Engineer: 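Dropping a structure here in structure tokens format, bear with me for questions.
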Amino acid sequence: MSLQSLQETAPLLTAMSIDGIEFLESVATEIQFPKGALIFDEDQTAGAFYLIANGKIGLEVSMLAREAHLIETLGPGELLGVSWLFPPYRWSWRARAMVATDVVAFDAEKTRRQCDKDPDFALHIYRTVAEEAVQRLHATRIRVLDLFPGSES
Amino acid sequence: MLPRSFRLTAKSQETPDTFTLVFEDPEHGEVRFRPGQFMMIYVFGVGEVPISIAGNPHKTHDLILTVRGVGAVTNAICALDPGMVVGARGPYGSGWPLAAAKGRDLIIVTGGIGIAPLRPAIIETLSRRDDFRDLSLIYGARTPTDLLYKDDLLGWESSADIDVEVTVDRASSEWWGDVGLVTRLLPRVRFNPPNTAAFVCGPEVMMRVVARDLTARGVPTQNVYLSLERNMKCAVGFCGHCQFGRDFLCRTGPIRSFHDLAERMRVDEI
């Protein structure tokens, strides 16, 4: 799949310059994860970040003696991974494919180096990640209110 | 204002505390209603509460209500057995403005028991599918166990006529669906914002956030409709228990556009 084909649905690629797209293509790898596959785990080095093309990915937290808790799911067009952009570059959560999922994986270290070299590219990357993080923060704050009555999971 | 007598003919448990009840009025027959309207249900000797009608608007012989037991009256309704009788008056209130959604994309966003007053609207839109462009339902609940109308959801999900997205706040590893706030699913459904109408029902904070998100994406505030829940008592605009600023919601609501409500929805304790 070409990155252009994902441009309409992925905020990461919307309004990105042609040079930026070409750079991302040069550090991209397409990966298919079967349902249930572990994509990364807590505390592992965040060596890549991912753009979801098709499917669904769940972010989990290990509960040690209890089964892992599913925090949030991400779908087509969404970015998986923020920790790759900020030290110590280690994943905070566990990510698992909820269904058969196609992603484009981008090399994190090469992308960070490109950010250091190209301020316009860096602005786009940081702005996209910040907007995504803010949306998730807002959604999490609403969920903390525990608005829906009902049973425990 | 006089209640009619309705006899319970069937009852099914949706979740541990929520039941769908089917009533009929053998003396007077049918109950005609618009999707989104509510009835005042009187349990003799206990009290009266407003309950949204959850049935098929084309099957007016049955009065179908989905009730969550949270207080004396609703617990008494949930405890009814087939053959028992309640009083019911209505229907009251404004319905979902299906005419205003005609020719547009329609997004229905709901959370918790808020899906009950929207069920008749979903059934109605599917019965005249050609009146609308893209049709989507986004439904959130606390856990998978708390999802209502599971049979309906399966049917709607398998239909090409409506895009159904379901999410929960909490889930175990046995759940393979979505987890997160309903707004996170908006990018997944297809709509052309300037030509979109939205029907939203759920906790008021959720509705406010959904309305803000939809309007930020370009849906006109006049086209976003919310259903507000207040303490309806008389249901005919006399007692004032359901006052929401300048409106008595039993008469001029419960469904209003976000354009009318936005300012008042920022007022504490209104």
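Since the structure is predicted, the reported quantities are computational estimates derived from the model, not experimental observations. So that the names make sense, note that chain A is the first sequence line, chain B the second, and so on, each numbered from 1.
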Engineer: Under 4.5 Å, heavy atom to heavy atom, which residues of residues 206-218 of chain B contact chain A?
Structural biologist: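 From residues 206-218 of chain B, the residues near chain A are B:M206, B:V209.
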
Engineer: Using side chain to side chain donor-acceptor pair (under 3.5 Å) as the criterion, list what pairs up with B:T74, not counting sequence neighbours.
Structural biologist: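 Residues passing side chain to side chain donor-acceptor pair (under 3.5 Å) with B:T74: none at all.
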
Engineer: Supply the atom-to-atom distance B:T167 OG1 to A:R143 CZ, rounded to the nearest 0.5 angstrom.
Structural biologist: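 Those atoms lie 7.0 Å apart.
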
Engineer: Which region of A:E60, side chain (C-beta onward) or backbone (N, CA, C, O), has a non-hydrogen atom less than 4.5 Å from a non-hydrogen atom of chain B, or is it both or neither?
Structural biologist: neither

Engineer: Minimum heavy-atom separation for A:L70 and B:V179, please, with both atom names.
Structural biologist: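 Shortest heavy-atom separation between A:L70 and B:V179 comes out as CD2-CG2, 3.3 Å.
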
Engineer: Considering residues, nucleotides and ligands other than A:R127, do more than 12 of their heavy atoms fall under 6.0 Å from its CZ?
Structural biologist: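 No.
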
Engineer: Please check if atom NZ in B:K11 has more than 12 non-hydrogen atoms from other residues, nucleotides or ligands closer than 6.0 Å.
Structural biologist: yes

Engineer: Is the count of non-hydrogen atoms from other residues, nucleotides or ligands lying under 6.0 Å from B:E263 atom CD greater than 12?
Structural biologist: no

Engineer: So does A:K110 have more than 12 non-hydrogen atoms from other groups sitting under 6.0 Å from NZ?
Structural biologist: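 Counting neighbours around NZ of A:K110, 12 or fewer heavy atoms of other residues, nucleotides or ligands fall under 6.0 Å, so no.
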
Engineer: For atom CZ of B:R264, is the number of surrounding heavy atoms from other residues, nucleotides or ligands below 6.0 Å larger than 12?
Structural biologist: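 Atom CZ in B:R264 is packed in, count exceeds 12.
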
Engineer: About how many Å separate OG1 of A:T73 and CH2 of B:W175, when rounded to the nearest 0.5 Å?
Structural biologist: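 Answer rounded to 0.5 Å: 9.5 Å.
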
Engineer: Between B:R170 and A:E72, does any NZ, NE, NH1 or NH2 come within less than 4.0 Å of an OD or OE carboxylate oxygen?
Structural biologist: no

Engineer: Stepwise, does the side-chain contact (heavy atoms from CB on, under 4.5 Å) test hold for A:F148 with B:D146?
Structural biologist: CA-CA 9 Å; A:F148 301 132; B:D146 299 308; over 6 Å; no

Engineer: Enter the distance from A:H138:NE2 to B:T183:OG1 here, rounded to the nearest 0.5 Å.
Structural biologist: 10.5 Å

Engineer: Heavy atoms under 4.5 Å from chain B: which residues of residues 33-49 of chain A carry them?
Structural biologist: A:K35, A:G36

Engineer: In terms of heavy-atom contacts, does CD1 of A:I18 have more than 12 from other residues, nucleotides or ligands at under 6.0 Å?
Structural biologist: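 Open: at most 12 neighbouring heavy atoms sit under 6.0 Å from CD1 of A:I18.
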
Engineer: To check you understand the geometry: which heavy-atom pair defines the closest contact between A:L74 and B:R184, and what is its length?
Structural biologist: CD2-NH2, 3.7 Å

Engineer: For B:L181 versus A:A139, what's the shortest heavy-atom pair and its separation?
Structural biologist: CD2-CA, 3.7 Å

Engineer: Suppose we screen for side-chain contact (heavy atoms from CB on, under 4.5 Å). Which residues come up paired with A:P76, at least two apart in sequence or across chains?
Structural biologist: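 Counting only residues at least two positions away or on another chain, A:P76 forms a side-chain contact (heavy atoms from CB on, under 4.5 Å) with B:R188.
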
